[in-house]
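All heavy atoms count here, side chains included; hydrogens, waters and symmetry mates do not. Chain letters run A, B, ... following the sequence lines, proteins first, then strands; residues in each count from 1.
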There are 4 protein chains.
Amino acid sequence: MSDLAERRKDLVTSMMKEAIYEAAVDVLTEYGTNGVTMDRVAEQAGVAKGSLYNYFPNKLALLQFVHEKTVEPLREKAQRILHSDLPATHKLEAIIRTWFESIDEHRGVFVFLFMDLTARELLKSEEASGRAEAVEMLATIIAQGIEENVFRPGDPNRMAWLLYGTAKEMCDLQLTAGNEWPIEQLIRDVIDFFLHGVAAAGARAPRATKRH
Amino acid sequence: MSDLAERRKDLVTSMMKEAIYEAAVDVLTEYGTNGVTMDRVAEQAGVAKGSLYNYFPNKLALLQFVHEKTVEPLREKAQRILHSDLPATHKLEAIIRTWFESIDEHRGVFVFLFMDLTARELLKSEEASGRAEAVEMLATIIAQGIEENVFRPGDPNRMAWLLYGTAKEMCDLQLTAGNEWPIEQLIRDVIDFFLHGVAAAGARAPRATKRH
Amino acid sequence: MSDLAERRKDLVTSMMKEAIYEAAVDVLTEYGTNGVTMDRVAEQAGVAKGSLYNYFPNKLALLQFVHEKTVEPLREKAQRILHSDLPATHKLEAIIRTWFESIDEHRGVFVFLFMDLTARELLKSEEASGRAEAVEMLATIIAQGIEENVFRPGDPNRMAWLLYGTAKEMCDLQLTAGNEWPIEQLIRDVIDFFLHGVAAAGARAPRATKRH
Amino acid sequence: MSDLAERRKDLVTSMMKEAIYEAAVDVLTEYGTNGVTMDRVAEQAGVAKGSLYNYFPNKLALLQFVHEKTVEPLREKAQRILHSDLPATHKLEAIIRTWFESIDEHRGVFVFLFMDLTARELLKSEEASGRAEAVEMLATIIAQGIEENVFRPGDPNRMAWLLYGTAKEMCDLQLTAGNEWPIEQLIRDVIDFFLHGVAAAGARAPRATKRH
DNA sequence: GATGAATGAGGATTCATTCAT
DNA sequence: GATGAATGAATCCTCATTCAT
């Protein structure tokens, strides 16, 4: 086949995959995870069921593609932020902003990807690595912050988990509760919380005590 | 029917429901969410499949019962803590400890209840109210803390969400990652984090800035 | 459950399996191997497709049941003949008669079982053991015949294969061509052939020669 | 179209058919009967799936072509042997040798053609005629042998079936069991068996008796 | 004539729910 | 009330065949 024809074919293929991806996302959004059947995806994409299998060998592969397609831009942005020469706090803020904004944009998919265990089961490895990657990234930035003396010394990994948790739940909140909470406010709150907690000046943490 | 007979019947009924509940939890734990079939529950409970339908009109009702039954003790403990006369920080710590410990104990069910969207979809209302209740409770305690001058002034509801997020992700971490992180350490970390954040003494929060 | 109830249940179950077996045989006979779909079996049996799965875990199990059910009586009769105290030639004759008669009776199934590689693939182990068993049985009888001095000395196993082949092809012929050849004649022919071959008295076998 | 162009076209067409035939044989050999999909044949042939349909109206036609192409050389050789002026026993030996050797060479196709009922179903008429032809050919030779006084008088057709059966099962054995039995030995055994059977000198065939 | 994407009927299997006993 | 067999819609996947380019 000529080079040109080949390139054209590749293009068409990737457009189809894209279209199927979008159909899958739509179905996901409308019916929830367990509602993602190949039939519905096909119908939504306006193609025959069998055609899906010309582009994805099976359902799992389709879901993985959806995952990848959704997560990749996030990952890229985050990497760019990570490797910039901003101070740690600005990096954190930027990353968290990225997350919130993406979620705002792709609500349905994110719900599916991050909250549905059926999917998470299938995408176990993808998910685990995704989360691990995120936490690791945060940990790197936190380590930088500690070095910059803007964060207290401590285990960057543990801190990263805590921050990740806070941010993630806020995402959850965004996803499930609707967002009456404006994004900028949200970001500021999370960062503030992360930095200073809620204790009044001079207050001391209680000793964590064994239950009675 | 005589009163006595009626009471006896109620008793039998509730024992059956209890038994079915336990079977459901076992199946949940062993097979995961998608593995919860009425067949398996019936077999585990040692009753005929049809009998399940004498106690629950359908599968959803059974799952709701499981949810309720699982969450109720938590709710009760939390209420008791809420209404005790401990200082706010102790209350928070106690509640969070309750959560972590419960999760440690009932891993399988909690995964199902809190992480599986298939379930969460079905149990949407239960879930929403559960979360709302938890956040509200935290908010109440935080308000108390503000009044006690141990927490900075602020919107208790927003703070509650942030804390909830931190705690919840730690639960997630417990649930999915296994718990190499010892519970006491975890609790102290969360509370510490909640109170003081990670900023070094004297460091200032960055102004949250619009993305260029 | 009472012993009685249990026995009754077993009875019903085995009657159902029997009915499904017969339906499968009918479908097999009418549509050939590749025509044996669970749908058709269910329809022929007059039950819902799902019901088949109450009696057989999957299609393979059903086919294996058909195989077993078909072959077992044959095996039993053959064993009885084998262990009787008849002279070798009579045993052979009796066994071959058994085969021909069974085949005459169960045409469709035998075609499926012995001639269809799709089935033979699935039932590989059953088949192999079946054939091996048959040949072994023949070999045993032939060894007996050699001892009785009615058969020439030689490798009983090789002789058994040859006899098996002759008989089997005659079965094939019966199965596919219809049987204008009366059974008694057939049996006599096979036995005669097996004993004396076709050479005229005094004729000598040619030396098997390499192809020029 | 000019005569030349037409002839050229015919040539191209038959080369394509040949190529497809070979691809089909390869697929057959590698994947077994049920693995012969038009996709695989096309891929193996290095042409597009649709192109197959320019040369064969449908799958059946392709399989028939495969059958024909495989069997034809056999038929030709057999005809040549039949019409040679060898004595009957040598003709038989030569034909049987041809069969065994072909089978040894084209294992996969033969398994498909002779043992798989899915195929045999499709190729019923081809098969029947093939077998009929083979038997007829054997019968002709046997008639010759009777005339030559090397075979006992009898129905040549019945004898032919018996011989065919013996030979065919040996082919089966070759095909499924692998061939620890060397071909020359096999041929000699079959011919010997065919000529003299297994009876010891002086032994008499039992009277074929009615079952009790 | 070649291509290969699109099609859609069909096949095996699962499972919530019903209902006769 | 208990039982568990029966049901059939739903689900994933396959593959011969068609047809626009």
Side-chain angles (χ1 to χ4, degrees), chain A residues 1 5-6 8-9 12-13 15-16 34-43 45-62, chain B residues 9 12-13 16 34-43 45-63, chain C residues 1 5-6 8-9 12-13 15-16 34-43 45-62, chain D residues 9 12-13 16 34-43 45-63:
Chain A
M1 205 186 320
E6 200 168 326
R8 181 224 284 269
K9 203 188 82 179
V12 170
T13 293
M15 281 174 60
M16 278 298 299
N34 270 21
V36 181
T37 68
M38 296 304 262
D39 277 85
R40 280 211 259 260
V41 172
E43 193 190 346
V47 300
K49 194 181 0 176
S51 300
L52 300 183
Y53 290 86
N54 290 331
Y55 297 95
F56 300 96
N58 52 43
K59 193 180 177 183
L60 176 56
L62 170 54
Chain B
K9 203 186 82 179
V12 170
T13 293
M16 279 298 298
N34 273 21
V36 181
T37 67
M38 296 303 262
D39 274 270
R40 282 211 256 257
V41 172
E43 192 191 344
V47 301
K49 192 173 15 171
S51 300
L52 301 183
Y53 289 86
N54 290 330
Y55 299 95
F56 301 96
N58 53 41
K59 194 181 178 184
L60 176 56
L62 169 54
L63 294 181
Chain C
M1 203 186 320
E6 201 166 323
R8 179 222 287 268
K9 203 187 82 180
V12 170
T13 292
M15 280 174 61
M16 278 298 300
N34 270 23
V36 181
T37 68
M38 295 304 262
D39 276 87
R40 280 210 259 258
V41 173
E43 193 190 345
V47 301
K49 194 176 5 174
S51 299
L52 300 183
Y53 289 86
N54 289 332
Y55 297 95
F56 300 96
N58 52 43
K59 193 181 176 181
L60 177 55
L62 169 54
Chain D
K9 204 186 81 180
V12 169
T13 292
M16 281 297 299
N34 272 20
V36 180
T37 68
M38 296 302 262
D39 275 86
R40 283 210 256 257
V41 172
E43 192 191 346
V47 302
K49 192 177 9 175
S51 300
L52 300 183
Y53 289 85
N54 289 329
Y55 299 95
F56 300 96
N58 53 42
K59 195 182 177 183
L60 176 56
L62 169 55
L63 293 181

Produce the list of close N/O pairs, under 3.5 Å, pairing protein atoms with atoms of nucleotides 17-21 of chain E; give distances to one decimal.
{"residue": "E/dT17", "atom": "OP2", "partner": "B/Tyr53", "partner atom": "OH", "Å": "3.3"}
{"residue": "E/dT17", "atom": "OP2", "partner": "B/Lys59", "partner atom": "N", "Å": "3.0"}
{"residue": "E/dT17", "atom": "O4", "partner": "B/Lys49", "partner atom": "NZ", "Å": "2.9"}

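- The distance from atom CG of D/Leu62 to atom CE of D/Met38, rounded to the nearest 0.5 Å, is 5.5 Å.
- Summarising the geometry of D/Ala48 relative to D/Ala42, their closest heavy-atom pair is C-CB, 3.9 Å, with the distance given to 0.1 Å.
- Stem analysis of DNA chain F (Watson-Crick or G-U pairs, both distances under 3.5 Å, runs of at least three) returns E:2-21 with F:2-21.
- Residues passing the side chain to side chain donor-acceptor pair (under 3.5 Å) test with D/Lys59: none are found, sequence neighbours excluded.
- If you take CZ of D/Arg40 and P of F/dC15, they are 7 Å apart, rounded to a whole angstrom.
- Annotation: side chain to side chain donor-acceptor pair (under 3.5 Å) contacts of B/Asp39 (sequence neighbours excluded): B/Lys49.
- Residues satisfying the ring-ring contact (aromatic ring centres under 6.0 Å, His included) criterion with B/Tyr55, sequence neighbours excluded, are absent altogether.
- With sequence neighbours left out, A/Phe56 forms a ring-ring contact (aromatic ring centres under 6.0 Å, His included) with A/Phe65.
- Out of F/dA6, E/dA6, E/dA12, the shortest distance to the side chain of C/Met16 is found at F/dA6.
- When side chains are defined from C-beta on, D/Asn54 does not count as touching D/Met16, because their heavy atoms never get closer than 4.5 Å.
- Nearest-nucleotide positions on DNA chain E place D/Gly46 closer to the 5' end than the other of D/Gly46 and A/Ser51.
- In this structure, C/Leu52 places its CG atom 14 Å from P of F/dA5, rounding to the nearest Å.
- Using a 4.0 Å heavy-atom distance criterion, D/Val47 is classed as a sugar-phosphate-only contact.
- Between A/Glu43 atom CD and E/dA6 atom P the separation is 17 Å, expressed in whole Å.
- In terms of position on DNA chain E, the residue among A/Asn54 and B/Gly35 whose nearest nucleotide sits closer to the 5' end is A/Asn54.
- B/Tyr55 comes within 4.0 angstrom of sugar-phosphate atoms only, judged by non-hydrogen atoms across all strands, and of no base.
- Distance D/Phe56 CZ to F/dA16 P: 15 Å, rounded to the nearest Å.
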